[in-house]
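For reference, the structure discussed in these notes is given below.
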Amino acid sequence: MLTKETNELLTHVGPGTPMGDLLRRYWIPALLDWELPEPDCAPVRLRLLGEDLVAFRNTSGQIGILDEYCPHRLTSLWLGRNEENGLRCVYHGWKFDISGQCVDQMNEPKQFAEKIKAKSYSALELGGVIWVYMGPISEKPAAPNFEWTRAATHQRSVTKVVEECNWLQALEGGIDTSHAPILHRALKENPAQPGIPINDVFVQGEAPTLEVDETEYGYRYYGIRRLGSDEQYARGYHYVMPWTQLRPAGRGVSNQTHGHHWVPIDDERCIVWNWYYTWEERLVSDGEAGLKASGNGYGEDINVENGFTSVRNRSNWWEIDRSVQKTETFSGIRGINTQDRAIQEMMGTIVDRSKEHLGPADKAIIVARKLLADAVKTVQDGGNPPGADSSYYNLRAIDTVLPSDVNWRDHLLPEMNPGR
Ligand code: FES
Ligand SMILES: [Fe+2]
């Protein structure tokens with residue numbers, strides 16, 4: 001459990017909050033690059049860490065990220081015209097370049113554009129994603145450098161979806177390994193109801209023992225499950241501060257790592273980024289078909305036209321089907337990621353962690369909270385937070401079945417930190 005004060009500290013992310021200050025020290029995955037497909041295309045609204053922003057790609061192809069509201073009289077620049085290397089407000093015609101500098105004022109006979117600057121943030125494109133940095137310029141870290149951001153387009157898949165609860169709830173739901181073979185269990189083989197098959201080692205293994213190794217970037221963690229009398233199933237994950245998980249692909253797939261970022265829109269909503277990639281020269285992704293074929297149901301529940309919201313959501317109770325729950329899947333909800341969202345959203349937008357009862361299976365969650373609270377303090381004291389340096393660059397997540405008498409760490413570690 002947490003005190004109410006710590007719960008508030010970790011969940012409130014707006015400008016000027018301690019956690020908001022910490023999260024602003026990282027590059028934030030913000031948009032898929034195809035949301036701004038070409039120079040001078042339509043601008044896009046986005047909300048990050050409680051701030052309303054507008055993104056545009058100028059005539060030269062560069063990305064601008066500005067405060068959504070025009071500095072003149074505060075209407076939305078999203079209504080604006082994207083023209084000749086600047087975004088022009090349609091109300092009185094003030095125009096802004098990607099740095100936020102006002103460069104023209106159509107309604108003023110004697111212009112004072114050089115005195116007006118909209119709030120702006122840095123952006124870059126990597127791994128098919130537009131990333132935004134909202135912190136102090138002097139503290140800007142190097143560009144994100146996960147192995148998945150270095151993978152070629154055909155070697156990776158990236159999607160995103162809105163989740164209707166606080167970012168920490170979504171993060172904790174994702175890094176929790178003990179729920180996975182329970183909540184996501186498929187009771188029988190049916191491609192229309194994807195889940196972890198009942199004969200999978202993940203389900204066949206006993207309840208896990210969790211181990212957490214703290215690192216420079218966050219921690220490595222492991223779920224170790226006894227598998228019959230002679231074997232063990234070992235899953236190795238990483239948590240990279242502040243919002244990233246790397247997890248094994250599972251089911252005998254040894255050349256991929258999967259993962260998520262859980263990024264706050266504001267205190268009550270977040271974006272779940274879902275990605276996977278291979279480090280081998282092969283195709284992992286062929287769009288929606290590939291996503292569905294992966295069995296994870298990543299793509300099918302995402303309504304891209306409606307702001308990347310979930311088709312199955314709280315308003316329709318995630319379309320839970322009680323007859324499916326009896327015979328097909330443990331949850332009766334279609335899609336692994338939708339199952340996760342249902343569980344996390346049903347806790348309420350910000351769960352009251354002072355009421356919970358945690359056990360040893362929740363160790364990863366407990367340590368993540370501690371590291372986040374410590375990092376808040378580090379930033380307050382003028383230091384650099386973990387995960388903003390190069391220590392996460394080469395991580396991978398893997399799983400394996402081993403004889404029960406061997407040291408699983410010896411087998412997992414070299415592959416989880418290749419090249420180290
Ligand atoms: S409100 Fe934008 S130019 Fe007047
Ligand atoms: Fe899950």
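Atoms within a ligand are numbered from 1 in the order they appear, just like the ligands themselves. Only heavy atoms go into these numbers, but all of them, side chains included; no hydrogens, no water, no symmetry mates.
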- Hey, does L246 have a side-chain heavy atom less than 4.5 Å from the side chain of E147?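 E147 vs L246: side chains apart.
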- Message: Under 6.0 Å between ring centres: does that hold for H261 and Y26?
- Response: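 Ring centres of Y26 and H261 not closer than 6.0 Å.
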- Task: For residues H238 and Y217, establish whether the separation of their ring centroids is below 6.0 Å.
- Result: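 Centroid distance H238-Y217: below 6.0 Å, so yes.
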- Item | Y277 and its side-chain contact (heavy atoms from CB on, under 4.5 Å) partner, picked from H154, R156, H258 |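 The single option meeting the side-chain contact (heavy atoms from CB on, under 4.5 Å) with Y277 is R156.
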- Hey, could you give me the CD/CZ distance between Q169 and R353, rounded to the nearest 0.5 Å?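 Separation between the atoms: 5.5 Å.
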- Shortest non-hydrogen contact between N7 and D352, atoms and distance: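 For N7 versus D352, the nearest heavy atoms are ND2-CA, 3.9 Å.
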- Total protein N, O or S atoms, atom 2 (Fe) of ligand 1, separation less than 2.8 Å: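 Considering protein N, O and S only, atom 2 (Fe) of ligand 1 has 2 within range.
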- Task: Could you pull out all residues at least two apart from E51 that satisfy salt bridge (charged side-chain N to carboxylate O under 4.0 Å, His left out)?
- Result: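 For E51, the residues satisfying salt bridge (charged side-chain N to carboxylate O under 4.0 Å, His left out) (neighbours in sequence not counted) are R24, K119.
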- Query: In terms of the angle between their ring planes, are W408 and Y222 parallel, tilted or perpendicular, with boundaries placed at 30° and 60°?
  - Reply: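 The rings of W408 and Y222 sit tilted, inter-plane angle from 30° to 60°.
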- Task: Sort by chain and number the protein N/O/S atoms found under 2.8 Å from the Fe ion (ligand 2).
- Result: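 N, O, S partners closer than 2.8 Å: H179 NE2, H184 NE2, D340 OD1, D340 OD2.
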- Task: Only counting residues at least two apart or in another chain, list the ones meeting side-chain hydrogen bond (donor to acceptor under 3.5 Å, both in side chains) with Q245.
- Result: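 Partners of Q245 under the side-chain hydrogen bond (donor to acceptor under 3.5 Å, both in side chains) test: Y221.
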